[in-house]
A.B. asks: 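Sharing a structure, written as structure tokens. Questions coming.
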Amino acid sequence: ATFRTAVQRYPDSLEARLGIAIAYRRAGRDADAWQAYQQVLSQDPNNQLALKTVGVLGSFKPEWQSTGITALTTLLKLSPNDNEARAQRALLYGYQGRFADSLADYEIALQGSPSAEVVLGAAQIYTYSGNSQKGLELFERYRSTTNKAITSNAAIAYGRALRGTGRAAEAIRILEAQLPNPTNAYGVRVRSELSQAYLANQQPMQALSVLDPLRDRKDARLSLARALNEIGKQENRPELSSQAAALYRQVLNEMPSPALPLVRETADVLSAIPAERQTALQLYRQLVQQQPNDQVLLIQQLALES
């Protein structure tokens with residue numbers, strides 16, 4: 001309240017604006033803090049505290065990620081040796097599926113003596129980028145240096161890293177321990193990953209049954225679609241692939257501006273289903289218009305047209 005009064009009395013005071021931004025952050029009022037730090041940056045675009053904090057807050061909401069990346073890029077131009085900022089930018093790149101950019105930052109951030117949190121973040125991004133072996137090495141490095149259990153979202157990635165390195169039974173044990181009751185938004189992600197672990201462990205019936213609580217949940221459509229698509233492919237069950245396709249289309253149709261990675265993922269899935277290839281082609285054409293320099297997209301479009 002004191003800082004709010006100060007901002008009203010001295011609207012040009014950078015100290016007052018920084019003060020209220022910090023106070024909002026410490027009070028857990030993230031949206032207010034986000035706006036307050038934006039006002040700081042409009043007055044002082046190179047304010048390093050504001051740039052770093054906007055980068056941190058960028059991981060709180062998907063719609064804040066791009067602004068967070070921009071802020072951290074500016075900060076790294078001012079302080080190129082700030083590995084904490086570089087690791088945070090790597091994490092945001094990873095959240096956006098920009099794995100090449102993310103891993104380039106992590107290659108630098110992991111040099112020297114990175115914090116345990118940096119190692120844990122890198123473990124997740126390496127895993128989701130498809131490098132399960134490197135991800136697992138980083139997870140084990142985190143465990144050995146902290147003696148802490150891997151929990152929450154990191155545990156989901158840890159399960160994937162174990163599955164991706166041929167240790168599906170261990171992945172099942174880790175993920176089963178994370179299952180909340182009743183199923184919440186976190187539980188949706190756990191069940192989707194656990195389904196894939198069961199499938200890798202030659203337990204297709206369990207892979208399907210663990211998904212049952214997700215079938216009537218609107219917020220679980222994408223996770224359910226991914227899991228069903230994988231089971232359909234590996235078990236040669238086209239009816240499951242068709243269910244996955246319907247879920248993907250529902251998710252896209254209900255989003256006014258779906259993210260490009262999601263559109264691309266949907267196109268890739270639908271292109272493998274004969275009855276869905278016309279829809280996939282429309283999506284690829286849309287993507288090529290938006291990313292005309294992406295040669296892979298163009299080839300995928302031409303292949304479907306052929």
Side-chain angles (χ1 to χ4, degrees), residues 3-4 7 14-129 135 138-139 141-142 145-146 148 150-157 185-186 189 259 261:
F3 278 121
R4 189 182 296 116
V7 168
L14 189 63
E15 291 83 357
R17 292 196 179 278
L18 269 174
I20 197 168
I22 294 167
Y24 279 139
R25 175 83 197 284
R26 292 183 180 175
R29 295 173 60 175
D30 298 328
D32 290 324
W34 177 261
Q35 292 299 327
Y37 277 114
Q38 301 302 321
Q39 292 170 0
V40 171
L41 290 174
S42 68
Q43 189 171 342
D44 180 9
N46 292 329
N47 187 282
Q48 295 198 25
L49 174 61
L51 290 169
K52 179 168 283 191
T53 309
V54 167
V56 172
L57 291 171
S59 63
F60 289 17
K61 292 185 178 182
E63 60 267 29
W64 290 355
Q65 291 169 7
S66 293
T67 303
I69 289 170
T70 300
L72 292 169
T73 299
T74 301
L75 178 59
L76 286 166
K77 290 178 182 176
L78 300 170
S79 301
N81 295 323
D82 189 335
N83 266 6
E84 184 179 326
R86 190 172 297 280
Q88 181 64 17
R89 187 175 71 170
L91 191 64
L92 294 179
Y93 277 142
Y95 287 164
Q96 292 205 317
R98 297 172 59 180
F99 292 122
D101 293 324
S102 177
L103 298 181
D105 269 348
Y106 270 129
E107 286 295 322
I108 299 171
L110 289 171
Q111 295 174 10
S113 302
S115 70
E117 289 306 310
V118 169
V119 173
L120 187 61
Q124 296 173 70
I125 299 304
Y126 272 98
T127 298
Y128 286 125
S129 73
L138 290 166
F139 277 123
R141 176 175 167 184
Y142 172 83
T145 55
T146 64
K148 292 181 180 178
I150 298 172
T151 59
S152 191
N153 288 324
I156 300 176
Y186 171 68
R189 297 192 296 275

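Because the structure is a prediction, the values reported are computed rather than measured.
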A.B. asks: For residues 86-98, dump all side-chain donor-acceptor pairs below 3.5 Å to protein atoms at least two apart in sequence or in another chain.
C.D. replies:
from	atom 1	to	atom 2	distance (Å)
R86	NH1	D105	OD1	3.1
R86	NH2	P80	O	3.2
Q88	NE2	G55	O	3.0
R89	NE	D105	OD2	2.7
R89	NH1	T73	OG1	3.1
R89	NH2	D105	OD1	3.0
R89	NH2	D105	OD2	3.3
Q96	NE2	S66	OG	3.1
R98	NE	D101	OD2	3.2
R98	NH2	D101	OD2	3.2

A.B. asks: What are the two closest non-hydrogen atoms of P114 and R141, and how far apart are they?
C.D. replies: CG-NH2, 3.4 Å
A.B. asks: For the atom pair OG1 (T53) and CG (L72), what is the distance rounded to the nearest 0.5 Å?
C.D. replies: 10.0 Å
A.B. asks: Does S59 have any side chain to side chain donor-acceptor pair (under 3.5 Å) partners at least two apart in sequence or in another chain, and if so, which?
C.D. replies: none
A.B. asks: Kindly write out the residues that satisfy side-chain contact (heavy atoms from CB on, under 4.5 Å) with T67, not counting sequence neighbours, or none if the list is empty.
C.D. replies: W34, Q38, V54
A.B. asks: With sequence neighbours left out, write down each residue that passes side-chain contact (heavy atoms from CB on, under 4.5 Å) with A16, or none if nothing qualifies.
C.D. replies: A6, V7, S13
A.B. asks: How would you list all residue pairs meeting ring-ring contact (aromatic ring centres under 6.0 Å, His included) that involve residues 100-122, not counting sequence neighbours?
C.D. replies: none
A.B. asks: Report the C-alpha distance between F3 and I22 in whole Å, list the side-chain angles of each, state the deciding distance to 0.1 Å, and finish with yes or no for side-chain contact (heavy atoms from CB on, under 4.5 Å).
C.D. replies: CA-CA 10 Å; F3 278 121; I22 294 167; over 6 Å; no
A.B. asks: Tell me every residue that passes side chain to side chain donor-acceptor pair (under 3.5 Å) with N153, counting only those two or more places apart in sequence or in another chain.
C.D. replies: R189
A.B. asks: Who pairs with A259 by side-chain contact (heavy atoms from CB on, under 4.5 Å), at least two apart in sequence or on another chain?
C.D. replies: P261
A.B. asks: Do any side-chain atoms of residues 117-127 form donor-acceptor pairs under 3.5 angstrom with protein atoms, and if so which ones, sequence neighbours left out?
C.D. replies:
from	atom 1	to	atom 2	distance (Å)
Q124	NE2	L120	O	3.3
Y126	OH	E107	OE2	2.5
T127	OG1	A123	O	2.8

A.B. asks: Excluding sequence neighbours, so at least two apart, what forms side chain to side chain donor-acceptor pair (under 3.5 Å) with R25?
C.D. replies: none
A.B. asks: When the side chains of residues 39-52 are checked against the rest of the protein, which donor-acceptor pairs come out under 3.5 Å, sequence neighbours left out?
C.D. replies:
from	atom 1	to	atom 2	distance (Å)
Q39	OE1	R17	NH1	3.0
S42	OG	Q39	O	2.7
Q43	NE2	D12	O	2.7
D44	OD1	N46	N	3.4
D44	OD2	N47	ND2	3.4
N47	OD1	L49	N	3.3
N47	OD1	A50	N	3.0
Q48	OE1	S79	OG	3.1
K52	NZ	D82	OD2	2.9

A.B. asks: Which pair of heavy atoms, one from L57 and one from W64, lies closest together, and at what distance?
C.D. replies: O-CE3, 3.2 Å
A.B. asks: Among all residues two or more places apart in sequence or in another chain, which pass the ring-ring contact (aromatic ring centres under 6.0 Å, His included) test with Y37?
C.D. replies: none
A.B. asks: Who are the salt bridge (Lys or Arg N to Asp or Glu O under 4.0 Å) partners of R29, not counting sequence neighbours?
C.D. replies: D32
